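One structure is given here, and the rest of the page talks about it.
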Amino acid sequence: MLPESLRTRLVKQITESEHPRELVVDIMMVLQAHYGYLSDEALIETAALLELTPLEVEELATFYPFIYRQPVGRYVIHVCDSVICWMDGAETLRDALQKKLGIGVGQTTPDNLFTLLPVCCIGYCDHAPAILINGKVYGPLTPDMLDDILSGLQTGAAEQEAPVK
C-alpha cells in the first residue's frame, strides 16, 4: 500500500501535467525507489494513477532495462554489452564479475548485495569497457579493477548496517 504522502505527491504531479500519461516511466521509477523494484502492486498502482491498463504499464516496464520487475540487490551492476564495450573487453568484465560474485547474469548474490544485469548501452563509449552501478559509471575497467570497486561497496554497505554506539 502506497503511503498517503507519496500518493498525494504523485497525484499532484499527474494533475499538474499537460500530458499525464507521459509520466508513466517517472511514476514507475518513483514506485520502484519506494518498493525496491516495480512489484505487481506498484505496477497496478501506476496504472490506476495514470488511468492506464496494467498491461500497458507492463509493456513499458519490460521495455526499459532500468525498471526491475523482480527484487534486486542493493547494488545493481549493469554491464554494458554495446559493440564498443564488447570490442574493448566487456565479456571479460562480465565473466570476472560472475566469478567474483558467484552469480550469473540476471542473478542476485545470496546476501542481496549485488545483482548483475546486462544493458545494451550506458552511453559511455569513451570509457569502454564500462559498468554502471546504481547510476554511477565505472570505466574504462580491467577485471583487476573490479576487486577494489566491489570491496568498497561491501565495506560501505557493512558500515551503513553497523549499529550506532
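On a predicted model such as this, the values are computed, not experimentally measured, just so you know.
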Is L132 reachable from Y138 through a run of hydrophobic residues whose side-chain heavy atoms are each under 4.5 Å from the next? no
Could you pull out the closest heavy-atom pair between E51 and R21, with the gap in Å? O-NH2, 2.8 Å
Find the distance between NZ (K12) and OG1 (T8) and round it off to the nearest 0.5 Å. 11.0 Å
If you count the non-hydrogen atoms of other residues, nucleotides and ligands that lie under 6.0 Å from CD in E4, is the total more than 12? yes
How about F114 and L150: do any of their side-chain heavy atoms sit closer than 4.5 Å? yes
Side-chain contact, heavy-atom cut-off 4.5 Å: I122 with H127? no
Can you tell me how far CD of Q70 sits from OG of S39, rounded to the nearest 0.5 angstrom? 12.5 Å
Would you give the length of the straight line joining atom OG of S82 to atom CE of M87, rounded to the nearest 0.5 angstrom? 9.0 Å
For Y124, does the OH atom have more than 12 heavy-atom neighbours from other residues, nucleotides or ligands under 6.0 Å away? no
With heavy-atom distances below 4.5 Å as the criterion, would you say the side chains of I149 and Y75 are in contact? no
Quick one: does R7's side chain get under 4.5 Å of L49's, heavy atoms only? yes
Okay, side chain of Q98, backbone of L116: is any donor-acceptor separation there less than 3.5 Å? no
Looking only at heavy atoms, which two atoms of G36 and V72 are closest? And how far apart? O-CG2, 3.8 Å
Kindly say whether Q13 contributes a backbone atom to a donor-acceptor pair with the side chain of S17 at under 3.5 angstrom? no
Would you say L101 ends up clustered with I133 if hydrophobic residues are merged whenever their side chains have heavy atoms under 4.5 Å apart, either directly or through other cluster members? yes
With a 4.5 Å limit on heavy-atom distance, are the side chains of I14 and I27 in contact? yes
Tell me whether V76 is reachable from L93 by hopping between hydrophobic residues (I, L, V, M, F, W, Y) whose side-chain heavy atoms are closer than 4.5 Å. no
Between the CG atom in L38 and the CD atom in E58, the distance rounded to the nearest 0.5 Å is 8.0 Å
Between the SG atom in C120 and the NE2 atom in H78, the distance rounded to the nearest 0.5 Å is 10.5 Å
Residue pair G106 / L117: nearest heavy atoms and the distance that separates them: CA-CD2, 3.8 Å
Indicate the atoms forming the closest heavy-atom contact of P129 with G89, along with that distance. CB-C, 4.1 Å
Which value, rounded to the nearest 0.5 Å, describes the distance between L31 atom CG and I44 atom CD1? 12.0 Å
With clusters defined by side-chain heavy atoms of hydrophobic residues (ILVMFWY) lying less than 4.5 Å apart, directly or transitively, does V24 cluster with Y35? yes
If you group Ile, Leu, Val, Met, Phe, Trp and Tyr by side-chain heavy-atom gaps below 4.5 Å, do L60 and L23 land in one group? yes
If I compare all heavy atoms of I84 with all of A128, which pair ends up nearest, and what's the gap? CG2-CB, 3.8 Å
Under 4.5 Å between any side-chain heavy atoms of M28 and L43, yes or no? no
With side chain to side chain contact (heavy atoms under 4.5 Å, CB included) as the test, pick out the partner of I77 among I131, N134, V119, I103. I131
Can you tell me if F66 has over 12 outside heavy atoms packed within less than 6.0 Å of its CZ? yes
Side chain to side chain donor-acceptor pair (under 3.5 Å) between D111 and T109, worked out: CA-CA 5 Å; D111 61 2; T109 55; 2.5 Å; yes
Are any non-hydrogen side-chain atoms of V30 and R9 less than 4.5 angstrom apart? yes
Closest non-hydrogen atoms of C80 and A90, given as atom of the first, atom of the second and distance, are O-CB, 3.2 Å
Should E91 and W86 be marked as a side chain to side chain contact (heavy atoms under 4.5 Å, CB included) after you check the CA-CA gap, both sets of side-chain angles, and the distance that decides it? CA-CA 6 Å; E91 287 180 317; W86 176 76; 3.3 Å; yes
Are any non-hydrogen side-chain atoms of T115 and Y68 less than 4.5 angstrom apart? no
D81 and R94: CA distance, side-chain angles, deciding distance, side chain to side chain contact (heavy atoms under 4.5 Å, CB included) verdict: CA-CA 9 Å; D81 64 3; R94 183 203 59 220; over 6 Å; no
